[in-house]
Each structure stands twice: as C-alpha cells, then as structure tokens.
Amino acid sequence: MVTALKPRAGQLPEANDQGGAIEQARYVCALGAMQTAAAIPRTIPITHCGPGCADKQHNALSGANGYQGGGWGGAGVAPSSNASQREVIFGGTERLEELIEASLKILDADLFVVVTGCIPDLVGDDVGSVVRGFQNRGVPVVYAETGGFRGNNFTGHEVVIRAIIDQLVGPYKGPREQGRVNLWSLLPYQNTFWRGDLEEIKRLLEGIGLRVNVLFGPESAGVGEWRAIPQAQFNLVLSPWLGLETARHLEGKYGQPFLHIPVLPIGAKETGEVLREIAAFAGVEGSAETFIAAEERRYYTYLEAFSEFYSQYRWGLPARFAIAADSTYALALSKFAVRQLGLLPARLIITDNPPEELREAIRAAFQVLDHDVAGEIEFIEDSYLIHERIRTASFGHKPPLIFGSSWERDLARDLKGFLVEVAFPTSYEVVLARSYAGYRGGLALLERIYTTVVSRNA
Amino acid sequence: MVTALKPRAGQLPEANDQGGAIEQARYVCALGAMQTAAAIPRTIPITHCGPGCADKQHNALSGANGYQGGGWGGAGVAPSSNASQREVIFGGTERLEELIEASLKILDADLFVVVTGCIPDLVGDDVGSVVRGFQNRGVPVVYAETGGFRGNNFTGHEVVIRAIIDQLVGPYKGPREQGRVNLWSLLPYQNTFWRGDLEEIKRLLEGIGLRVNVLFGPESAGVGEWRAIPQAQFNLVLSPWLGLETARHLEGKYGQPFLHIPVLPIGAKETGEVLREIAAFAGVEGSAETFIAAEERRYYTYLEAFSEFYSQYRWGLPARFAIAADSTYALALSKFAVRQLGLLPARLIITDNPPEELREAIRAAFQVLDHDVAGEIEFIEDSYLIHERIRTASFGHKPPLIFGSSWERDLARDLKGFLVEVAFPTSYEVVLARSYAGYRGGLALLERIYTTVVSRNA
Amino acid sequence: MAINLRTAAVETREQRLGTIIGWDEGSAAALAEQSDFSRGCGTGCGPGTKGSRICELQSPFTQGGSCSEQVVQGQAGSILDAVLIQHSPIGCAANQAANNTNFRNTLARRGMQVRNITALSTNLTERDMVYGGVEKLQATIRDAYQRHHPRAVFIATSCATGIIGDDVETAAREVEEEIGIPVVPIFCEGFKSKHWSTGFDAIQHGILRQIVRKNPTRRQEDLVNIVILSGTDVYTPMLAELGLRANLVVNLATVEQLEEMSEAAASVSFCYTLASYFTAALQQEFGVPEVKAPQPYGFAGTDAWLRAIAKATNREEVTEAYIAREHARVKPIVAELREQLQGLRGYVAMGASFAHGVVVVLRELGIEVPGTLVFHHDPTYDSGSPERDTLGHLVDATGDVNLFTVGIRQHYQFYNLLQRVHPDFVVIRHGGLSPLAARLGLPSLQLGDASFPVGYQGIINLGAEILAVRGQRKFHEDLAAHTSLPYRRSWLEQSDPFALARTVAG
Amino acid sequence: MAINLRTAAVETREQRLGTIIGWDEGSAAALAEQSDFSRGCGTGCGPGTKGSRICELQSPFTQGGSCSEQVVQGQAGSILDAVLIQHSPIGCAANQAANNTNFRNTLARRGMQVRNITALSTNLTERDMVYGGVEKLQATIRDAYQRHHPRAVFIATSCATGIIGDDVETAAREVEEEIGIPVVPIFCEGFKSKHWSTGFDAIQHGILRQIVRKNPTRRQEDLVNIVILSGTDVYTPMLAELGLRANLVVNLATVEQLEEMSEAAASVSFCYTLASYFTAALQQEFGVPEVKAPQPYGFAGTDAWLRAIAKATNREEVTEAYIAREHARVKPIVAELREQLQGLRGYVAMGASFAHGVVVVLRELGIEVPGTLVFHHDPTYDSGSPERDTLGHLVDATGDVNLFTVGIRQHYQFYNLLQRVHPDFVVIRHGGLSPLAARLGLPSLQLGDASFPVGYQGIINLGAEILAVRGQRKFHEDLAAHTSLPYRRSWLEQSDPFALARTVAG
C-alpha cells in the first residue's frame, strides 16, 4: 500500500532527501531526537513507534557512543506504544492516548515530549489532536513528528526544540534580561562529549559575564530554563548549521536577535577570538578580557610544558590529519589542528548530512581554516566511501592522524595511523565529563591525541 | 679513597638505608628534588653535581613521566656546576661560587635553590658557607644537601622544603590568618598527575571556604606564597607520610597546628568525608556542606550515567586489582577501587621507600580500606620482585586490573590484564592538567580505567 | 504441525507456538501446567488452540521494546562472508554500531581477525515513502556485491517497507538472477510480532529456504549443527572429546557452514527459544535429527544433553568417559563455590529458555532463586518434543520458582519485581534492566557471552562471576544513596508490576 | 697513536683526541683549519700537541650537561642478551625509564618483540659510601645472573664509586670466574671527562677487552660491522644489495654479534664520533679494516662510503650498479623536494660528526645553513685517517658554514645562537634545546631515529620531514606569543653566547 503523507507541521528545513545507501551508519533517524528530550533534566520522551524503534535509537546513542548512559528519562525509561499490526491497520491514536494517560500515572516528570516513528507518520495518526487534548488539561506535554524517513536525529533535534518552544513556552511579550543568552550548539548524545563541552562553554560564557540558558545536560536547570528562553538577550548558535533554524525561528517569534559563530572553539587562540566576538555582541568586553587573561595564563603554562614533548618527541608525530565527523566537530577540530597544532588537513569529510541550502556556508567556513590554509570538504555519510576517500588521501611521510568514529579502527590499523574517536559511534571510549572544547577541553584533547600517539608506539 | 661524611644539616627523617639492588627504577635520587624547586613558580634550582646528574633526574621526571615538561626553571634551564676531576680533587666550593655569581647575571628568578649531588657531598664541599655569603648580600638563594646516596627524591623533597622554610622564610611571630591553609601532598613531577591534582585539591579547599597556599604548580602564587606559610591557620598533610616531617617542623618552628589525613581523596564518597574532616578542623562546616552538596549533585549525575555501563557491559570487567605505586596514590586508588567501585585488592605494593618509622602507620591505613576490606601491603622498590609478586597474585576468573607504571606493560600483556599507568615512570601517557583526585578526578579516573578496558577488547 | 517453507515470510511465534509476553499468576510450575500440551503431550499436538488458553496480561503502559528486525540484524550481520542490507530508513540501522562491538568482541574471543561488520541500509527517505524503495534496494544489492563480493546477501525488511508495500521478494529474485549468489529477503517488520524472537525464526526461515543445500549428496556423520549466539566457542573442544565437529550457526558462520547444515548428523542448541525453528525444520525437511534433551545447564542437564548427542551420533562410550572426567574435575570446584556462595539470593531476568537454564545452574550452586522474569513464554517449541520442555525441566530438576513472571523487559515493572524478592544480585543478558537494579543498589551479572553458563564449566563460570560482581554492590549502594527514579511515589509503592494491566482487564 | 686495551679504563677523548667543548671563532673552515693535523696529516700524527692548540672557551655559567655513564647506560642497556648493572646510587639509574622507551620503540621499528630493558642499579646509600659497595655489587651481579641468565654482564661505574674507590675490576673478575660469563666493568665516572662521548669509547673499550673473540678462527668475508645508534635498520637491505651482511653493533646487538666483530670483513659507521674508537681498535687488534670514507650523507658522501665498503669487500661492480639505481630513483624526488624547500634556512645543533653529515644533506636539499652548533669537536679520530675528516668533507663538499660553534648543549647559549641567524627551523637530536626553540616560535626537526638522514633515502626523509615540521611553527608561534624565558633582559640582548666566557678569559 502506498500512503499519502501528511505535510509536516510548520516549515522546517528540508532534510537532504537525495541520500543513497549508507554502510555503517553515523547517525540515527529523526526519532533519535527522543534523546534531545531526555537531555533536558526531568523531561521524558514518549515514543509513538514500532517496538524496536526507540530501543535502537537510544542504545546507539547512549550505549555505543562513549557509554554515556541514556539519562534519567531516556533509555529504558521512555514509554513507547510499541505499535503492532493493529495500530498499522486501524491507526494508533487511541493507543497513544492510552499510553500518555498511563504515563502520567506512572512517571514523575516536568515535561513529556511525544515523538513519532515511521508507523504513525505513514498511517497518518493525528498525533497533534491527541496531544492537544492533554495540553488543554494543563498537562506539560508537547509532540514532534520525527518519523525515521523524515530525516536524521540532527533535523529531529530542531523539530523537537521547535515543538517545545511553540507548544510549551509559547508567546512572550515581556522584558529581556540583558546578559542572558540561549545556547544552541552540539547535538546531545550524538556528540560523544556534549555534556562536558556544554559545561565548558557555559563556564566560558559565565566567565565573560553572561548568564546562560544551556538547556541540555547536567548543567541545565531544566524546563524552567526553557520557559525563560524568550527573556534572554540573544541566542548564540555555536555550530556551522545546527541550531540556526531554531535561532531564526526565535528571531521571528520573539524578535530575539542571534549571533551565529560556526566554530565551536578549542584551544586558547580560537576560544579567545570567539569569546571576544560574543562579548562584543553582548556588550561585556571588559569582564571578558579579565577572564581571557586568567584562562590564557593557565592554558599557556600547560602548553609551554607540552611544547617540550611536541618539539622533541623522538618517535614520529603525525603532520596531516583526516576527519570524518559531523559539521561542528569537524570544523572545530580542523581549526584547532591547523591553527594551533600546525597540522594540515589531508581529508575532510562531513558526515551529518546538513540541509542542502546551508552547505555552501559550511564549505566557506572550512575555506578559511587559517589565513593560509583552506580546507576542501566532502559531504559523505556512507562509511565505505568515506574509508575509500581517506585511504587515497596523502599523509606525506608521516603516520596519519584520523579524527573519526569506531568505524575507522580497521582503517587506522591498515594505514598504521592514529585514531582519535570523536564522532558517533565512539565505542572504544568511556566518556563522562570529558570535554574537548574551550581552554580546558583543548588541553584534554592534546592529552588524548598524543597519548594515542605515544601509547601505540610500543 | 674513602671519605668521611659530614653529618647532614638538621635532623631529618632518615632515608631507609637497607635497600638492595633495584631493577627498573621507580624513583630518582635526592637530587631529583631540583624539580621540587622548579615546581615553585619563578624558582630555579642550581645543581652542584656531576655533568650528567641533573639531566638524568629531570629527564626522568619530566620526560619519561607523562611528558610533563621540565618547567620554566627546571629541565635544561637549571644551572649546573657539571663537576669535573678538578672539583673532585680540589673541592668544588669555588666553582659553586662562580656558578651562583654567573647565574645571577643571566637568570631572572625570584628564588634560587642550590641542591647538591654525590660529588660535593662526598668530597665535603662547604656549600652552606658559599650560599650564606650570597644570602648575606640579600640574594634569594637557599641550599639543600641532596647527594644521591642520601635518599630518593621523596626525602630530597622534604630537605628542600625545609631549606626554604629555614633559610628563606625564617622566624615569624605575627598573627595567623584564620581560614588559610598550607597544603603538603603529592610529590611534584614524581607524581604524574600532580599539577591537575593540586589544582583540584585547591579548588575543593577553596570550595569549603578556605584560602590555600598550594605552594607548587601552576596554581601557586610562587615565592610570596612561601613567605606566607607561617601566617596560615594550619598545615594540611594529605598523604600517608610525605609532608608529615615538614608539618612537624612547622609545628615546632611556628607553633602551627597540622591536620594529617593519609588519604588523598578520589570520588565523592572519600572526598566528602575528607572535606568534612578538614572543615571541622578549620571551623568552616557550614560552607563545606553547601559545596559538597553541589559537587555531589554533579558527580552522581555522571555516576548514574556511568552505572549503565558498569552494570551491563557485556565483555568482562576486572574484579580485582594490583597496585605498584607510591604510598599516596596507592592508598588513594585502593580506597577508591574498594569503596567506590567494589573491587578487591589482589596485591598492594608500595614503591616509594618510606622511612622505617612511618611504615607501621602506612600499613595501618591500608588495613581499613573499608569496614570489611583490609589491604596487606608490601614495601618493594625492585621491579623484578614487584612483577613476581603480581604474577603470583590471584585475580579470580577475571582479567587483572593493574595500577602501575610503564614497567608493567609487559606484565599486563602477559597476564592479559588492563594497565592504568599512574606511577613513575608513566611513559605512555601525555599528561597536562588531568587529575585523578577529588570529584572531577574521580570521574576522569573512571574514564581512564574503563576506556582502557573497552579499547583493549577489540 | 508442519513448518511451511513455501511462503517467503515466516509465521510469527504467537501464531505457531502461542507465545505470550505477559503473565504473573504465580509459580513456574503453574505456568508449566498451563502450557500442558508441551508437558508430555508430544509432537502430535499443534499450537494455537491450547496456547491461547494461557491468559495474557496487557498493560496500557509500555516502555520501548525490541523487534524482530533487531534480531535479524544481529544474526545476519554476523555471517562472515555475507552482507546484510537493511531495507529501511536509517533509524533501523542505528544499532549497527552496537552490533559491531558485539561482532568485534566475539571475533576476538573466537581468536579471529577483528574487523567491522558489513551492513548497509537503503536509507529510505520521505521521497521513497511516496515512490517506493525497490529501485534503491536493487541498486544497494548491486553496490554491496561490487564492494564486498559476498557469498550471499540478506535483506531485512522494516516497518516502513512493510507499510508502503515494497515488493522485496521480486526485487531480490531479480538481482539474485543477475549476480548469481543467494539474495535472501527476511521479512521481519517489527509491528508484525509482539516478540522479537520471531526474528530468529525469520532469519532461519530465510536460510532454510535459500542457503541450506537442498539435496545434500553426502551425510557428514561427525558434524553436529549447534545453534549459538555470540560468545566463546565452548562447543568445538567439548565435541572434539566426543569425536565430533561443531558446526556453529548462525553467529560468525560462513555461508558454506550454513549450506552444509543439511549434511549434519544432528542439530542441537543451548537455547531452545533460539533454535526451535531451525532444528525442527532441519529434521522435517532434511532428516537431520533434532537432539531431544534438556538444555546443557548444570550437571543433570549437561549429562542428558551430551547423552542425547551421543545417542544421535553413536558415541555413547566415549561420551560416558568424558562425562565422568568432567564430573571429577568440576564437582570439587563447585562444592567449594557452594560454600562461598551460601546464603545468596539471585533474581534471573532474560529470554525464556536461557533463563530456565540459568536458574538451574544457580540452584546447583546453592543459590536461592525466589523469582524469575522471562521476557516471553513459548507454550511449546516447533518440534513439540516433550524432552525439550525447558520450563518443566527446571521445575522437575530443581524445584519450583515461586514468583515466576512473563513480561517483555519493562523497566518500570522490574522495579516492583525486585521489591518483591529483594535479591542480592540479578542475572541479566539484555540491556536496559541492569541500570534500574544499579539504582537500587544491586549488582548485575551480565551474560553477554552466551556460552558462559553452558555445560559443566558453565557452573564454575557462573559461580566465580557471582563472587566477582558481588563486590560491585559497593558501587551500586553508593549510587543508590544519591539517585532517584523517574517513577511516581504511587508506583514505587505498588507491589504488583501488572497493576495497570489488571485494572484495564478488570 | 695506538689504542691501549691493557688498562681497564679507557683514556678520555680529550686525552686521546684533544676534544674541545667550547669554540666560537667563526666558520667551519676556520675550525677545520685549526684541526689541521686531521686535515691531510694522515695516520702518523698523534693527538695532544696540536689538539691543545685549539683555544677552548670556558664559561663560568653552565647548565646541566650529560655524562659518559649516561651513554654507557644507553649502549649497554640495549644489548639484547646482556644485563646492565649500574654500580651507583639510584639517581644514576633515573633515566632507565627514558632508555626503556627508546629501547621499546627501537625494538618496534626493528620488528622485534617489544619488551623492557634489563638494567639494575646497586642502589648505593649513605652506608655504602662509608663501608664501600663491592659486596653489594657482587651480590647484584649474582642476582642478575640468576634472574636473567644473560650471556654477559656490564657494570657501569659512577662518580660515587669512583670517589669512594670501590675496586670494581677485581669484584667483576671474581664473580666472572664464578658464573662463567663475561662480567665487564665499564669505567665511566661522569666527572672524568668533560664530554659524554667518552662513554662510547668506554663501552667499546670494555667490549673489545672482554667480549670480542680474541683469536677468531674464521674470517666472514661478507660480514661488515656497522656501528649504529638506535633507529631503523636501513643497513641490512642496503648491504644486501651488495651481497653483504650487516653486523649492527652495539644497539640491539646480541653478545654473539659483538663477539664476531673480529671476524668481519670491515668496519664502518654513519657517525665517526661514535665509531672512532671501535673501528680503529678493530683494525689495530684484529686486522678488520676500517672503511676510510666520508660519512654516508648526501649523494657524494653516500657514493664514497659505499665505494669504500665495496673496495674493502671486493664488491665494486655490484655496488656501482646499486649506486646508479639509487641515483635514478632518488634524484627526481630530491629535485621536487628542493623546489618545495626553496628559500628555507635551517640551523643544526647536535653531536659533532652527525651534525656534519646532516648539514651536507640539508644543503643537498637546497636549504641554507648559515649556522651550526656541535656539542663538542674532535680535532681527529682515533685512526687519524684524513678520509674520515667529517668537518673537512662538509666544507669541501658543500661550502663553509659561516657561524660554526662548538658548545656543550647549553640552553642559554642556544638563545643567542638562534638570534644570530633567525632560521626557519632547527634540526636536533638531543633533548633540551628544542623547547627553547619552541618558545621562540621555531619548529624542531627531531632526528631521534639515527638512521633517518642516512644514505640516499635519508635525503628524501629529511626533506619530507622538514616540510612536515614546518607546519608546527603555528603551534610554536602561538606559544611564543604567550611565554617568557627565564633569562635577564641583559642576556636576551646579548649577541655573543660566550660573552661570559670571554670576560673571564679576558
């Protein structure tokens, strides 16, 4: 049976729909945005989908990717309709209503986010009408249509964010709080280091004198923080494209300005520049300089110590690197490697399938890795092709450094290179609060890269 | 020629003098305390010794141990008399005087610390009289007799500390500053993670409301902090034995009380207990509880996430561990492994050759790893014997977890175990600001241990 | 009942066996009693009528489960010289990553060169939902063939392709003719069965239809098919003692190994939930005898299992000698373990027949097992052999389990179940429940390596492992003191895991 | 001058060769001129008289150097089936750890099983200083023998044992008789020589005295001793082209390899600072010809080196063919590298003869080398062969080096030296100087693998490596902008690295 699809709610960026087959997947489907909900403290996703859908998405993200764990309300906790033949044939709205009702009896959350899988989106369940029924009763519940065929968990993430803003936060006409910022950056769970990175970014922004709605992870105050979104002075998008749509939506909805900085900063050089840009936008230049000076003092003390290793390690350091990662980390790591380590890119592959209309801007961001280094990127999601491209890259006479995922373990072994796992799936690292962002993350990243190098050598 | 030895300055704890031969050294000689001086900001050691002595000590500590780097005034910077045949036959005091004089012309430091090697200590150079000449001119210089045969860098460390206190800081009769504490804990450079650990301990102590003379490392304010030692409310010794002699000396010299806590705390459980003990001693219980609560909230959020890994990783986690490390880390890690991970000790080896009279107390500290777990320790410095003892330990049916040094790499391979390098020499890790202490360090240590486990498994 | 290999899709377990996923009426004996056509009825009885007699609880509240496709993915993705194609949106391929770590770790345990799995998704998008995904599927099969030169291609279907009605069977047949290797569609849409174990049947169905050698020209009298899951190879050494060779399927098998299943002297398994369809079909279609015996857990089970293999392969004498040697080796160790484990209470939660086996082993170790959760219950297996009544064997051999529950791996129910019995530890295999136990201060024994509790050595393995994980309780107790559960107080005070279900039913 | 193997201790380099460690009078040609007995004087000239003519600068300010024992430790500790005993307080054994990473990495590069070094310290303490350490030494030798069953034991003495006067020679002889393997004392007290390269002579002296087969019964006409340092084995494949076998000594050699040095057809090296004593003594004592040629760097050097080996082993024809093949292979690559490296300026700082070779290679790559620092200068080598005048060869083959300095690896002087020439990068081998370059924004090319710049391939290696490390300048420039040096402004403004020395002298 061929089913006529409903148009999706709202005007969201189209997922790239031209994708061919994918070997060794590097992201999950839009339903994976259940973990976007789970990343908000005391928020629980309700998954309206087939019996294996939720399990697959959260297992991949929380289990096979740094062993992050699924979170308080994700992983095995999240309710699921586990849709069966009956829901396919007769529709699943009744089942969903029953499930939400039961969830309210059993679960103790500040917010429920209904996310849908392929089945309801294909058979045409009117999920909105079910959820609106609960909303009218004052239940904190929103819904987002995230059927797997609609896109990946990156686009699903923005659908969920918009659902919360439109259905929970709603209109706002009150005053703005000068110095408060909403942060839109890494994709929770998909990025292996999101918790530590968001913590570091929050620390940096607070350091220069801002107050931060970090919105996701251990440092977020939860749903209250979401309700405060419209009060912020501005939105900060710290990523090449993810979050941009959200910021535009907020601009339209609340007249809230946004600052878009494509580079998640790693290391003192980039971090200082980014913080100064933010400080100028927010009008907190003075406090920013004091903070930057203190951070740089510490950072460069360590860097000076590290330089003894970097300048005289005897057994071969890599000189060129390849990356296969999502746009945000690919750009962040490339900038750090080029500008602050003096490495050259041998192959740059973007794996998160950004919307077509944003690709030119992403390409442009990589063109200026440094004043004298331009990076050419390729958008590929199929690991077989990615590995072919890295195999044919030229790493000079030195062992390759590969920033990638666990899919690259065999490749790195074959190329006698060094693999630093930074992208989904990172299945050979246990990651808790570690961060690779900012000042502290830059040092941790140096430790990780060069520990990988020296420990492989005998 | 057999030379009569001069008695050493002051009454310091006797180094254990019964040592047999040592295969694969795990510490350096007393002259290694040149790095104790170098660990103080803007302080430079002047090494009065043979031509290779200084190079060997600092290379081992700064190069072969986490690639820490030698510091601003250590490594290749430190002046050395590079004593030759002439100084052996005619004595080296003139050469030393010449060297100090030249050092003042070339080097720009807040403090110079003259440390001696075997040659001047054997031929009987009157180093004190040379240095006193400079001191009388107001030059900030002190001296410590650290001939290699006199002990290892642990005892050398306390000799240098006492030299600075007695010769630079001097008498003090002024008021005490309530809430200020002098911290005596890890041995800089010997402990691979001392910089990050001291930073974390300082953060913790400040967190509960104290002001800290951390004295060593990037977080220290340098010589000014040393001059402020007598003003502190109390001395905190955070180690089973190192620093105890210093604290006793300060008690005698300034009537300054000290608190001795043998356990460097790792993880929330131990850290909370230790902070409460310190807070009670210092009289800051109230602010301590607030801080502990906030830290625990963050820590256990991550621990809850980690528990998903810990409770359901499918491919085998270690259940028993062996340790070959210095007293401080051996006790700290044992406590963490036993009380907070639920592992059992299979072999506990103390490698830092503590003074004989303190060994009973160290033994006793290990006897109460938990209310139901007693650890039996052995004092061994010879790696051949250490490896024999670990080989014959019983690890049950699970792969061994070994906390040790790079000397254990072959052993771990043979035993199909997991090696976490935490002791000198740690030559297969690049270490910058990483810490394994306190709340933050506990999480980083979990990451390190279990990343080692999962990454070895294919 | 006959297995029907003519249709492309396998019949679901609930259709064939009357499988249920919710039951909480009391003890294991009571459930075994309700499944009485398996207890002593014999091969003549068909499922369906009596199976439906077991009253099944259905809760309005359900948490995320698992699906048949997930099982097919794991099974087909592990065949060494085949390629798996998931004909699906990318989400169905999400846990390729998790499968890969399983695959790699198992390769390492089996002493093989470690490498990545070979699996592709057709990555269906909105456009494909409208226009259909058949062309993309065919292109992907051709790509996979060009890239990897496999000996077979497996296609796993998905909910989406099931709903939009892609003709996967025809698509596969067309490319199969073109490339000259088997292209095997496995119909495993998640919504079609309430329990994921239908996925085992689905992949086995496909292998039986398109891979297994139809008209074997030889019989390999020393070859025994052993249906396994990922884990250590404990079978090859064990069978070598009997002068037999183990043909381990499906995990890490080659296509050649799958082909020659029809030439084997017998088929057996350590888990009849897993092997039900395969062994019955091999007997029905190719005359390869299904070994009729309890599963190989504990002394009695392993004895009987080995003897049944011996009988089927005419190796009684050498087998008895082996059994005697193993008893002599293992019994003193087990005696010592029993002492160390005295007084401990364990709770088992896993797939049905595997759980039955593990309870047996725990009890032989002297551990009290007051309660057990199985994720589903098959009132019979496909061959209907009473010798394979694993639940009955558990009760007969080691006594009843007072609190025996069937429930499909629900986090929230696991809370109530553990509150009922307050065990010292839980034994687990699937992901998702241990974290809850952890937050309650309980350590979990993880049977990730499916071979771990099997046979005589399995008794030792399990005993030693319990001692090891018992220590972890300090971690979990520390955690439990500083964590909260996302359930309402009213639910946390509820002692009946099926309270909601019974309210609805009542 | 004859080498004297009768005494247990080797004569120091300054005694034998007139070695100096401080000179800064101008260009390389000037120094070569002052060393004129090596330039053209021939083997008849002895050192001592003219050597002393080179005026040596001595600064009152010195930073930590290195010592002979350190060299002995590295060399003896790397012999595969021997044990090293450091008869010393523990501090002399401090860098066992660093030696171990070198050892392990070299094993890996040479394709051997990676393992730890086998080295013990007698760990002398205060008590031993009073009562002497001989008993402890003998006990340690016995222990080492029991533990490892080595084929030889090497003992490195220390400043402390030198001063307290332990009779190590007798102690060693006694235990040697007892255990029946060579026990070789190496006298290498740090204070006895101003330059660590005496350590090479000391270990070679010991090997010559007690390990090398005294009366070889055979001559191995295809065996060539190659004195190496730790690094890749580039020699075995190279010599195989000539039908020769490489006997690589001392690094990673077996005791058997050391024994058969007296049976070889010739001795050669890539570094005459290192090999001076060995090759001269092998010729003098055992008639194994020392290959007389420049070192194997760049086309001309390598050509001449190979031809000299060919001549010594009667393999001229095959050698010429090999040289032609290599020229054809390497020259186009070098041409390309020259283009990429155009305009770059490099500064070389390392051991004397190795530095001479590296400058040659840099210049063949088209790199400007305005200055060079060597850590010492030997006015001649032990055999006195003018063909081995490495500094002279450098000047003759590639032109003068304007700012040529002898200085014993002083961090503070390196600052002034770099300020003189402002290079784009520095080439380095020893630890300690690169960090200073780093703080000035300069990348360092690390020749940790001693084989790296050797031969034809070495030209390519070096060129590619320069391109690679050039990138690192971004790191160093960032650092330089945020760091300070521990020197007084007055020193930082000083352009003469020997300003203090000249003040004292003047």
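Treat the numbers as computed from the prediction; the structure is a model and nothing was measured. Residue numbers start from 1 in every chain, and the chains themselves are labelled A, B, ... in the order their sequence lines are given, proteins ahead of strands.
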- Message: Between A/Gln340 (side chain only) and D/Asp478 (backbone N and O only), is there a donor and an acceptor less than 3.5 Å apart?
- Response: no
- Message: Can you tell whether the side chains of A/Arg314 and D/Asp449 come within less than 4.0 Å, N to carboxylate O?
- Response: no
- Query: Between A/Leu343 and D/Phe475, is any pair of side-chain heavy atoms under 4.5 Å apart?
  - Reply: no
- Item | Which portion of A/Leu303 sits near chain D, non-hydrogen atoms under 4.5 angstrom | both
- Do D/Lys474 and A/Asp372 have side chains that get closer than 4.5 Å, going by heavy atoms? yes
- Kindly compute the distance separating OH (A/Tyr310) from CD (D/Gln472), expressed to the nearest 0.5 Å. 4.0 Å
- Message: Only pairs of heavy atoms separated by less than 4.5 Å count here; which of A/Glu304, A/Arg320, A/His397, A/Glu308 has the most with chain D?
- Response: A/Glu304
- Apply the test side chain to side chain contact (heavy atoms under 4.5 Å, CB included) to residues A/Phe306 and D/Leu479: give CA-CA distance (whole Å), side-chain angles for both, the deciding distance (0.1 Å), then the verdict. CA-CA 10 Å; A/Phe306 172 74; D/Leu479 176 67; over 6 Å; no
- Message: When you compare the side chain of D/His476 with that of A/Ser311, does any pair of heavy atoms fall below 4.5 Å?
- Response: yes
- Message: Between D/Arg115 and chain A, with a heavy-atom cut-off of 4.5 Å, which part of the residue counts as in contact: side chain, backbone, both or neither?
- Response: neither
- Item | Region of D/Ala468 in contact with chain A, defined by heavy-atom distances below 4.5 Å | both
- Item | Residue selection (most heavy-atom pairs with chain A, distance under 4.5 Å) from D/Asn102, D/Thr483, D/Thr106 | D/Asn102
- Message: If you count every heavy atom of other residues, nucleotides or ligands that lies below 6.0 Å from D/Glu336 atom CD, does the total exceed 12?
- Response: no
- Would you mind checking which part of D/Glu477 comes under 4.5 Å of any heavy atom in chain A, side chain (CB onward), backbone (N, CA, C, O), both or neither? neither
- Task: First locate atom CG of D/Leu467, then atom NZ of A/Lys398, and finally report the distance between them rounded to the nearest 0.5 Å.
- Result: 11.0 Å
- Message: For A/Glu388, I'd like to know if atom CD has over 12 heavy atoms of other residues, nucleotides or ligands within 6.0 Å.
- Response: yes
- Query: Do D/Arg109 and A/Trp315 come within less than 4.5 Å of each other through their side chains, counting heavy atoms only?
  - Reply: yes
- Task: With a 4.5 angstrom heavy-atom cut-off, could you sort out which part of D/Thr232 is near chain A: side chain, backbone, both or neither?
- Result: neither
